[in-house]
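For clarity, every value in this text was computed on a predicted model and none was experimentally measured.
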Amino acid sequence: MNRLSRGAAFGMLAAAMVASAASFAPTADAAGGTSAASASTDSVARQLNLSADEALQAKSVYADRDGSRFTHYNRTFRGLRVVGGDLIVATAPNGTVRKVTKNGTGKVAVTSTTPTLAKATALAKGRSVSKAKTVSSVGGTLVIYAGAGQPRLAYEVQTTGVQANQTPSRLLTYVDARTGAVLASDEQVKAGTGKGIFVGQVSIGTSGSAGAYTMKDAQGNYTTDLKGATSGTGTTFTDADDVWGNGTNSDRASAGVDAHYGAEQTYSYYNSVQGRAGIWNNGTGARSRVHYGNNYANAFWDGTQMTYGDGANNANPLVELDVAGHEMSHGVTENTAGLVYSGDPGGLNEATSDIFGTAVEWYANNPNDVPDYLIGEELNLNGNGTPLRYMDKPSKDGASYDCWSSSVGSANPHYSSGPLNHWFYLASEGSGAKTINGVSYNSPTCNGKSMTGAGRRDIEKVWYRTLATKLTSNSTYKDAREGAINSAIELFGASSTQCLAVQNAFDAISVPAGTAACSGGGTPPPSGSSLTNGGFESGQTGWTGTSGPITNDTGRPAHSGSWKLWLGGNGATANESESQTFTVPATGGTLTWWVRIDTAETSTSSAYDTATVSLNGTTVKSYSNLSTPKSTWVQQSVSLSSYAGSSVTLKFAATEDSSLQTSFVIDDVAVS
């Protein structure tokens, strides 16, 4: 049996395109995951000792392959929704609660749920806070506000309208139901900026047949033409020959191609890299609307769809690729941590979209929009060719912060995002002057210490896991540090270069240390002194051996991430191996790895296909087509005490005979 090819073909512009399937899809993140979590909420509530007045509602679930779950719950108190009462419950495979992450003390009780402030007064207060030029509706409902300070009974006032620049507004304002004080406000429509048509000749997913194609792909991403309207869904683009646009604004479909391509690349990035089945984690795509309004020089995500204006003089549609990745990532944040758009969490929210907008740009690797660490570099909204934001040194835009301090949260989220953008660049690439993809960077540190990065792709995985499993609606930069270090430990190990880069980068942006820490004291280990790329997410980096076994091929799952070492699986005579030499810590420690075996061999007595794990040529573990269990990840370990302080060569090797495959899949190799 040969290794499986990747993806499946579907209709497109000018040529066929292959759509990548998720190689790491957390089981509970798919449709049905929250249903399963909902069924267990009573058990979780009992384990958390919640009062009879409180109830949990499952919002999203992230599951590791060993059956551990991170369930994000919303909460109610006497039937009222608790704003800021959300929490994350980490459970073991058997359902036992391991850890609870919540805002503040987590207590949500109030003495009374009967307001003394008239609802009409609260609505007027909320309306006065809105910046909408025209207001279409104002409504309110009672909630428990626990976003900051002591929980209070409050009115959540939603003011819907349109701002002076044509951007829709859906503002939530929280008004104390006793005193009438405005407690907080949170704009639900997240707007960005852009200018131009950028991606050039590309392939897009479509549906239909000759004479009646529509701009809708297999995941349900589809693109519509608003024709200058500021409401409604628009008309889905159609075409007779499945060749769309001409690359200029003279053809209305050209903007549609850019928008559709951006939606597809964003979906594909989350699906294939992060194991997330789209924005809502249910396998469905999103609608993109183009040609919005009149001379509208903006783009926005409103919770359900992307919308792009046509820019000045309706001549420059705002359909740049990183705009799509940025804005749609607001949807991912909304459906995971739910970070509010003010204070520290507002900066984390905005930076998350910058991080994953950048990640989508690198993932697409479009030759007309070369990947970089600059935000909005193609837009020229400043009129002098400079980008909107710089990840290597955010302060270069004249307003963003390079370093975190207690005053950062008072800034606009586009500027308080600076420290986390800076962290992402440093953790990925390190400090100092360098040229990447033809762009020059020179990233300083706030503590004056130089540092080495661990590679962008691994840091993307660390931040996504942090967003999905560690952060809640009011999380701070300090929470982000704790969560990211713990996520790096879970993904790559406490002594990994990834963990150290994450920790050192938070030191470098002045976020104070908490309880989470990597082993190794926060200083990157000398080259060759520790195991490198044990999760294989950086491909062949650190390993030498046969070409091909280190892969992100979706024919076999990874234990985490998308890359793994896949030995065998050929169904033909083959010898494959990968090895790495590293220095064992002076204290010895333990070598661990995860292995998954499946086979087409039917014999219950003959070992036709074999694999070994060796240290300095001595076999420490052996496997074959007879090994059990099958098709299940199992963690293995070997003591390194006899190699303490010395150099050792680790080798994974497999031999297959001439027929019937056996696959030996290795992942998440670590030294602890």
Colleague: Please name the pair of heavy atoms, one in S473 and one in P345, separated by the smallest distance, quoted to 0.1 Å.
Modeller: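 The pair with the smallest heavy-atom distance is O-CB, 3.6 Å.
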
Colleague: Got a second to check how far E327's CD is from D322's CG, nearest 0.5 Å?
Modeller: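 Going from CD on E327 over to CG on D322, the span is 10.0 Å.
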
Colleague: Which is it for L374 and Y390 under the side-chain contact (heavy atoms from CB on, under 4.5 Å) test, yes or no, and what are the steps along the way?
Modeller: CA-CA 5 Å; L374 307 174; Y390 305 77; 3.8 Å; yes

Colleague: Would E460 and Y363 count as having a side-chain donor-acceptor pair, cut-off 3.5 Å?
Modeller: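 Side chains of E460 and Y363: no pair found under 3.5 Å.
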
Colleague: Under a 3.5 Å distance rule, please check whether N504 uses its side chain to pair with a backbone N or O of L500 as donor and acceptor.
Modeller: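 At least one qualifying donor-acceptor pair exists.
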
Colleague: Between A508 and M451, what is the shortest heavy-atom contact and its length?
Modeller: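 The pair with the smallest heavy-atom distance is CB-SD, 4.3 Å.
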
Colleague: Do the side chain of Q498 and the main chain of D458 share a donor and acceptor less than 3.5 angstrom apart?
Modeller: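 No.
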
Colleague: What closest approach, in Å, do C499 and G493 show between heavy atoms, and which atom pair accounts for it?
Modeller: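 The answer is CB-O, 3.5 Å.
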
Colleague: Enter the distance from T233:OG1 to R289:CZ here, rounded to the nearest 0.5 Å.
Modeller: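 CZ of R289 is found 8.0 Å from OG1 of T233.
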
Colleague: Which is it for N221 and S288 under the side-chain contact (heavy atoms from CB on, under 4.5 Å) test, yes or no, and what are the steps along the way?
Modeller: CA-CA 8 Å; N221 294 297; S288 297; over 6 Å; no

Colleague: Report the residue from E187, K133, K131 that forms a side-chain hydrogen bond (donor to acceptor under 3.5 Å, both in side chains) with S169.
Modeller: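 Result: among E187, K133, K131, E187 is the only option passing the side-chain hydrogen bond (donor to acceptor under 3.5 Å, both in side chains) with S169.
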
Colleague: According to the interplanar angle, ranging from 0 to 90°, do the rings of Y341 and H414 count as parallel (below 30°), tilted (30 to 60°) or perpendicular (above 60°)?
Modeller: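 Geometry flag for H414 against Y341: perpendicular rings.
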
Colleague: In the structure I gave you, are the side-chain heavy atoms of T113 and F77 within less than 4.5 Å of one another anywhere?
Modeller: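 Yes. Closest side-chain heavy atoms under 4.5 Å.
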
Colleague: Holding to ring pair (Phe, Tyr, Trp, His ring centres under 6.0 Å), I want the full list of residues that pass it with Y174, two or more places apart in sequence or in another chain.
Modeller: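 Partners of Y174 by the ring pair (Phe, Tyr, Trp, His ring centres under 6.0 Å) criterion, ordered by chain and then number, come out as Y145.
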
Colleague: What are the two closest heavy atoms between P387 and E377, and how far apart are they?
Modeller: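 Minimum heavy-atom contact is CB-CA, 3.8 Å.
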
Colleague: When you check the side-chain N and O atoms of S395 and D402, is any donor under 3.5 Å from an acceptor?
Modeller: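 Yes, a side-chain donor-acceptor pair sits under 3.5 Å.
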
Colleague: Begin with the C-alpha distance, continue with both residues' side-chain angles, and end with the deciding distance and a verdict on side chain to side chain donor-acceptor pair (under 3.5 Å) for T336 and H72.
Modeller: CA-CA 7 Å; T336 51; H72 205 137; over 6 Å; no

Colleague: Could you pull out all residues at least two apart from Y401 that satisfy ring pair (Phe, Tyr, Trp, His ring centres under 6.0 Å)?
Modeller: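 Ring pair (Phe, Tyr, Trp, His ring centres under 6.0 Å) check on Y401 returns nothing, list empty.
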
Colleague: Is it true that R389 and D354 make a salt bridge, defined as a side-chain N closer than 4.0 Å to a carboxylate O?
Modeller: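 Yes, this pair counts.
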
Colleague: Quick one: are P93 and S68 in side-chain contact, heavy atoms under 4.5 Å?
Modeller: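 The answer is yes; the side chains approach within 4.5 Å.
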
Colleague: Taking side chain as C-beta onward, heavy atoms only, is T476 less than 4.5 Å from D479?
Modeller: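 With C-beta onward as the side chain, the pair touches.
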
Colleague: Contact between R178 and R152 at the side-chain level, heavy atoms closer than 4.5 Å - yes or no?
Modeller: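 SC-SC contact between R178 and R152 ruled out.
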
Colleague: List the steps, then state whether side chain to side chain donor-acceptor pair (under 3.5 Å) holds for T445 with N447.
Modeller: CA-CA 5 Å; T445 60; N447 61 2; 3.3 Å; yes

Colleague: Between S136 (side chain) and T160 (backbone), is there a donor-acceptor pair under 3.5 Å?
Modeller: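 Judged by distance alone, yes, a pair lies under 3.5 Å.
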
Colleague: What distance do Q158 atom CD and T173 atom OG1 have between them, rounded to the nearest 0.5 Å?
Modeller: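 Answer rounded to 0.5 Å: 10.0 Å.
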
Colleague: Starting from the C-alpha separation in whole Å, work towards a yes-or-no answer on side-chain contact (heavy atoms from CB on, under 4.5 Å) for V502 and F492.
Modeller: CA-CA 11 Å; V502 166; F492 303 108; over 6 Å; no

Colleague: Which label fits Y425 and Y373: parallel for a plane angle under 30°, tilted from 30 to 60°, or perpendicular past 60°?
Modeller: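 Judged by the thresholds at 30° and 60°, the geometry between Y425 and Y373 is perpendicular.
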
Colleague: Measuring only between side-chain heavy atoms, which start at C-beta, is R127 closer than 4.5 Å to V157?
Modeller: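 R127 vs V157: side chains apart.
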
Colleague: So, the side chain of T333 versus the backbone of S329: is there a donor-acceptor pair under 3.5 Å, distance only?
Modeller: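 Checked: pair present.
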
Colleague: Do N94 and T96 meet the criterion of a side-chain donor-acceptor pair at a distance under 3.5 Å?
Modeller: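 Note: N94 and T96 side chains meet the donor-acceptor criterion.
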
Colleague: Look only at the side chain of E156 and the backbone of A154, and say whether a donor-acceptor pair between them is shorter than 3.5 Å.
Modeller: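 No, because the side chain of E156 does not come within donor-acceptor range (under 3.5 Å) of the backbone of A154.
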
Colleague: Grab the two heavy atoms, one from P413 and one from G346, that are nearest each other, plus how far apart they are.
Modeller: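 Looks like CB-O, 3.4 Å.
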
Colleague: Strictly below 4.0 Å, N to O, side chains only: are K478 and E482 in salt-bridge contact?
Modeller: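 No salt bridge links K478 with E482.
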
Colleague: Has S353 got a side-chain atom pairing as donor or acceptor with H330's backbone, closer than 3.5 angstrom?
Modeller: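 Yes, S353 side chain to H330 backbone: donor-acceptor pair under 3.5 Å.
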
Colleague: So, the side chain of T472 versus the backbone of L87: is there a donor-acceptor pair under 3.5 Å, distance only?
Modeller: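 Checking the backbone N and O of L87 against the side chain of T472, no donor-acceptor pair under 3.5 Å is found.
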
Colleague: Can you find a heavy atom in the side chain of W463 that is under 4.5 Å from one in the side chain of L420?
Modeller: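 Yes. Closest side-chain heavy atoms under 4.5 Å.
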
Colleague: Is it the case that more than 12 heavy atoms not belonging to Y441 sit under 6.0 Å from its OH atom?
Modeller: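 Counting other residues, nucleotides and ligands, OH of Y441 exceeds 12 neighbours.
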
Colleague: Decide, yes or no, whether a salt bridge links R465 with D64 under the criterion of side-chain N to carboxylate O below 4.0 Å.
Modeller: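 Yes, charged N to carboxylate O under 4.0 Å.
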
Colleague: Going through the distances and angles, do S510 and H422 end up as a side-chain contact (heavy atoms from CB on, under 4.5 Å)?
Modeller: CA-CA 11 Å; S510 299; H422 194 193; over 6 Å; no

Colleague: Can you tell me how far CG of L467 sits from CD1 of I355, rounded to the nearest 0.5 angstrom?
Modeller: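 The CD1 atom of I355 sits 9.5 Å away from the CG atom of L467.
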
Colleague: I need the minimum non-hydrogen distance between Y155 and K119, along with the two atoms involved.
Modeller: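 Here Y155 and K119 meet closest at OH-N, 3.6 Å.
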
Colleague: Quick one, N486 and K470 - any side-chain contact, counting heavy atoms below 4.5 Å?
Modeller: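 A side-chain contact exists here, since the closest heavy-atom pair is under 4.5 Å.
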
Colleague: What's the spacing between I144 CD1 and L80 CG if we round to 0.5 Å?
Modeller: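 If we round to the nearest 0.5 Å, I144:CD1 and L80:CG are 5.0 Å apart.
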
Colleague: Donor-acceptor pair, distance only, cut-off 3.5 Å: does the side chain of S443 make one with the backbone of D392?
Modeller: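 At least one qualifying donor-acceptor pair exists.
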
Colleague: Got Y464 and S487 here, is their nearest side-chain heavy-atom distance under 4.5 Å?
Modeller: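 Contact flag for Y464/S487 side chains = no.
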
Colleague: Flag the pair D302 and R287 as a salt bridge only when some basic side-chain nitrogen lies within less than 4.0 angstrom of an acidic carboxylate oxygen.
Modeller: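 Looking at D302 and R287, the cut-off is not met.
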
Colleague: Is the W423 to W404 ring centre distance short of 6.0 Å?
Modeller: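 Centroid separation for W423 and W404: 6.0 Å or greater.
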
Colleague: Got a second to check how far N74's CG is from S60's OG, nearest 0.5 Å?
Modeller: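 Going from CG on N74 over to OG on S60, the span is 8.5 Å.
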
Colleague: Who passes side chain to side chain contact (heavy atoms under 4.5 Å, CB included) against L50, sequence neighbours left out?
Modeller: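 With neighbours one apart ignored, the set is A45, L48, E54, L56, R75.
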
